[in-house]
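Note on naming: letters A, B, ... go to the chains in the order of the sequence lines (proteins, then strands), and numbering restarts at 1 for each one.
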Amino acid sequence: MAAKSDHIVAEIAARILGDLADPQTVNRARDDRWRENLWQAFTDAGLPLAWVPEKLGGSDATLADGFAILGLAGRFALAVPLAETMGAGWLLARAGLSAPSGPMTIAPARPHDRVELSQDGTLSGTVFAVPFAENSQHIAVLVEGNKGTAIALVKTSSCQLSKGCNLAGDAANGVTFGRVKPLLMAPAPAGFDRSSLMLMGATIRSVQSAGALETLLSLSIAYANERVAFERPIAKFQAVQQNLAKLAGEVAAALAAAGSAADAIAQAGAFDDAVMLEAASAKIRCAEAAAEGSAIAHQVFGAIGFTKEHVLHRFTLRALSWRDEFGNESYWAAELGKQIAGRGADEFWRLVASR
Amino acid sequence: MTANLRFEPIRLPPGCETLRAQVRAFLAEEIAAGTFDPHRPGYGDSQNRAFSQRIGAKGWIGMTWPKKYGGHERSFLERYVVTEEFRVANAPVRSHFVADRQSGPILLKYAPEHVKMDILPRICRGELCFVIGMSEAGSGSDLFAAKAKAKKVAGGWRLTGSKLWTSNAHIADYMLGLFRTSPPSKENRRHGLTQFLVDMKATGITVSPVIQMTGQHDFNEVVFDDAFVPDDYVMGEIDGAWKQAISELAYERSGPERFLETFYVLLELIRALGPEPDTRSAEGLGRLVAQLHTLRRMSVSVAGMLQAGHEPVVEASIVKDLGTIWEQKLPHRVRELAAFLAPDATNRTSLEEQLAFAITVAPKLTIQGGTTEILRGIIARGLGLR
């Protein structure tokens, strides 16, 4: 099922999303059948394991293709663990581990959470807010022990999960590893650590957020042109135009920052200072855009946009939730600030201009 | 259901890094020779024609123009590298920058061949300074309210009226100005303006200074009293200047000069914080770095679109809107982050001096070259809202 060339993968993803993940239809759905149909279509097209090499059971798409899929997923405010499964497959592949079929997720998903590897080869620790953990069959885990960092595959059913969800109602569970024996485990490659995983996770979330913000803008423009108040479309009021122009600016910044970070990771051999600048900046800027952009979009829609029945919340609440996973903007800003200060003023412009 | 904003992750091609190294070496020599002080923006002359001529000799003015006019047929991305390095160094480029950025490209598009051959090579050599003559006392953002007139006479036109806020008019050799050649029509209030090339040495032109609140002399009032302009100095269509305006905006609005104007305060803050800032300072710094990096990646992306022959008017307006607001807020944010610096921080005096200058300059950044409000109007139009 491998789909390899640039446009084809994105086109396939766009078609499946258009057919089976229409936000309006999903928002009205009374049961979870749409999830099953959608996941089956994704699986048939090889998308969940897009970032896994063929020899490890995946469809071997490029990083760039994968990010294109995630941008589209963001535009649909996709509420199934496609990004998580893709990221988990990618993480397993770092250590040469094959990926199983079925939905997966990644742990840890917060920068200060740790899973410990004991001498006897079992995993211990509690990590918070793991996205879609309760909807996953397996978890790809970054583990830390005396001998360094390793990557493990764990059955979700062998862990204890606590209830929880993000702002948009997607599952986000606490996961406790109580001396869990992994199905597979291998050392992480040299230089790959928790920070590398967080940078990748941050970029995945940034790309999704930028996609969601693109849709927020389109929806807001369409509504402003159609909604009449004081006998004319509200798009004709300068105050509304100024707000929408600001929204466009935020969307543009998110797209540029996320696109640049995704490109940086796709081109880079390692998670170095340059990738740190790109990925941290994207997470920070996309989070700022999510806050500012959601507020403007809701302002444009007024009361109808504040209802369950309207699709707007699917985009605003996910964009706001994604700020918190794989390091929020304050975390990354402090990390980036420390890095820049540590390198010193004379190196600052050199780093910025090198991108 | 997608908006059509595009910001591809354009990377500067490898050749640009060689060029960047050359520009940095040149700037280091000029700084060593005392031409300017990169740490003291706002002091000394912001224009220096001898310096501009040395830049011209390096081939860094008119970089993208055809060789037959003295240009160098290099890419927009190469020009981008030169522009940002000069800006970050606070180098005094005022003497040639307007000509390089916007006047030259207008001449290339609309001037008769012999005028191009006469003027463009001199711009490329750094010998000429240009001034933009658009605003008037009663016509700022509303460009099409311009009243200064051009009256047809034998062999040319006679100019009367005045232009205001004309930066560099007191040192300029030529103006590209908008003058009314017909009244606006009923159907189109933008009709009736024509763009002229004006020799500032012509008789009947008086330039008087308008001093800015920073104490600097940049603005002027230029009064035209029957000044003569020959026919071949008409740029483009008579009465139709409005058609020419829009496509030029992308060049003017998205460059690195639209977010790096107060960059020096950020650099000075990094110096002041030292290698191990506390969490508050680190977070504040990190956010500013992320915003700056994003703006630069957007701006490079627009340069890439220009290189590819597109006219990204909306994207360029977005870059200027976000960029000028950012560079305007930057000194205020830096001031807050510097509030708890140790009293003996080594560069404290220098930081405070730079902050004072940047905070005083800041209000103009969202006004010059298209106000925030006008930019957002252009963006709104591009989004299909008007």
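- Per-residue counts of heavy-atom pairs under 4.5 Å with chain B were compared for Gly342(A), Ala256(A), Ala252(A), Gly259(A); the largest is that of Ala252(A).
- No side-chain donor-acceptor contact under 3.5 Å links Ser350(B) and Asn347(B).
- Looking only at atom types and distance, the side chain of Thr262(B) has no donor-acceptor partner in the side chain of Glu327(B) under 3.5 Å away.
- Side-chain polar atoms of Gln339(A) and Asp273(A) form a donor-acceptor pair below 3.5 angstrom.
- One side chain, Ser299(B) or Tyr80(B), offers a donor N or O that lies under 3.5 Å from an acceptor on the other.
- Only the side chain of Arg11(B) comes within contact range of chain A, judged by heavy atoms closer than 4.5 Å.
- Contact of Leu292(B) with chain A is made through the side chain alone, with heavy-atom distances under 4.5 Å.
- Side-chain contact annotation: Gln291(B) with Glu288(A), donor-acceptor N/O pair under 3.5 Å present.
- Residues Asp263(A) and Ser260(A) have side chains that never bring a donor and an acceptor to within less than 3.5 angstrom of each other.
- Between chain A and the residues Leu285(B), Leu385(B), Ile379(B), the most heavy-atom pairs under 4.5 angstrom are made by Leu385(B).
- Side-chain contact, Ser301(B) with Glu8(B): no donor N or O sits under 3.5 Å from an acceptor N or O.
- Of the atoms belonging to Ala222(A), not a single heavy atom falls under 4.5 Å from chain B.
- For chain A, the option among Arg381(B), Glu17(B), Met298(B), Glu268(B) with the highest count of heavy-atom pairs below 4.5 Å is Met298(B).
- Proximity to chain A (any heavy atom under 4.5 Å) is shown, for Ile325(B), by neither the backbone nor the side chain.
- Looking at Arg24(B), only its side chain comes within 4.5 Å of chain A, counting heavy atoms on both sides.
- Your options are Leu244(A), Val240(A), Ile234(A), and the one with the most heavy-atom pairs under 4.5 Å with chain B is Leu244(A).
- Ring centroid separation for the pair His39(B) and Tyr264(B) does not come in under the 6.0 Å cut-off.
- Using a 4.5 Å cut-off between heavy atoms, Glu315(B) makes no contact with chain A at all.
- With a 4.5 angstrom heavy-atom cutoff, Leu260(B) touches chain A only via side-chain atoms.
- Taking the six-membered ring where tryptophan is involved, the planes of Tyr223(A) and Phe301(A) are essentially parallel, since the angle between them stays under 30° and well short of 60°.
- Interface check for chain B: of the options Gln238(A), Glu278(A), Lys283(A), Gln267(A), the most heavy-atom pairs under 4.5 Å are formed by Glu278(A).
- The pair Glu261(B)-Arg87(B) counts as a salt bridge, with a side-chain nitrogen and a carboxylate oxygen less than 4.0 angstrom apart.
- Only the side chain of Ile318(B) comes within contact range of chain A, with at least one heavy atom under 4.5 Å from a heavy atom of that chain.
- Here Leu336(A) is the residue among Leu336(A), Asp346(A), Leu351(A) with the most heavy-atom pairs under 4.5 Å with chain B.
- With a 4.5 Å cut-off on non-hydrogen atoms, Arg386(B) touches chain A through its backbone and its side chain both.
- Contact of Ala264(A) with chain B is made through backbone and side chain together, with heavy-atom distances under 4.5 Å.
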With salt bridge (Lys or Arg N to Asp or Glu O under 4.0 Å) as the test, would you mind laying out the steps for Glu250(A) and Arg285(A) before giving the verdict?
-> CA-CA 9 Å; Glu250(A) 293 303 303; Arg285(A) 196 61 188 83; 3.0 Å; yes
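- Between Trp349(A) and Glu85(B), the side chains place a donor N or O and an acceptor N or O closer than 3.5 Å (distance only, hydrogens not considered).
- Using a 30° and 60° split on the angle between ring planes, Phe86(B) and Phe26(B) fall in the tilted class, from 30° to 60°.
- With a 4.5 angstrom heavy-atom cutoff, Ile284(A) touches chain B only via side-chain atoms.
- Between chain A and the residues Val289(B), Asp321(B), Val319(B), the most heavy-atom pairs under 4.5 angstrom are made by Val289(B).
- Heavy atoms closer than 4.5 Å to chain B are found nowhere in Arg232(A), neither backbone nor side chain.
- In this structure, chain A has a heavy atom under 4.5 Å from the side chain of Leu322(B), while its backbone stays farther away.
- Of the atoms belonging to Arg20(B), it is side-chain heavy atoms, and not backbone ones, that fall under 4.5 Å from chain A.
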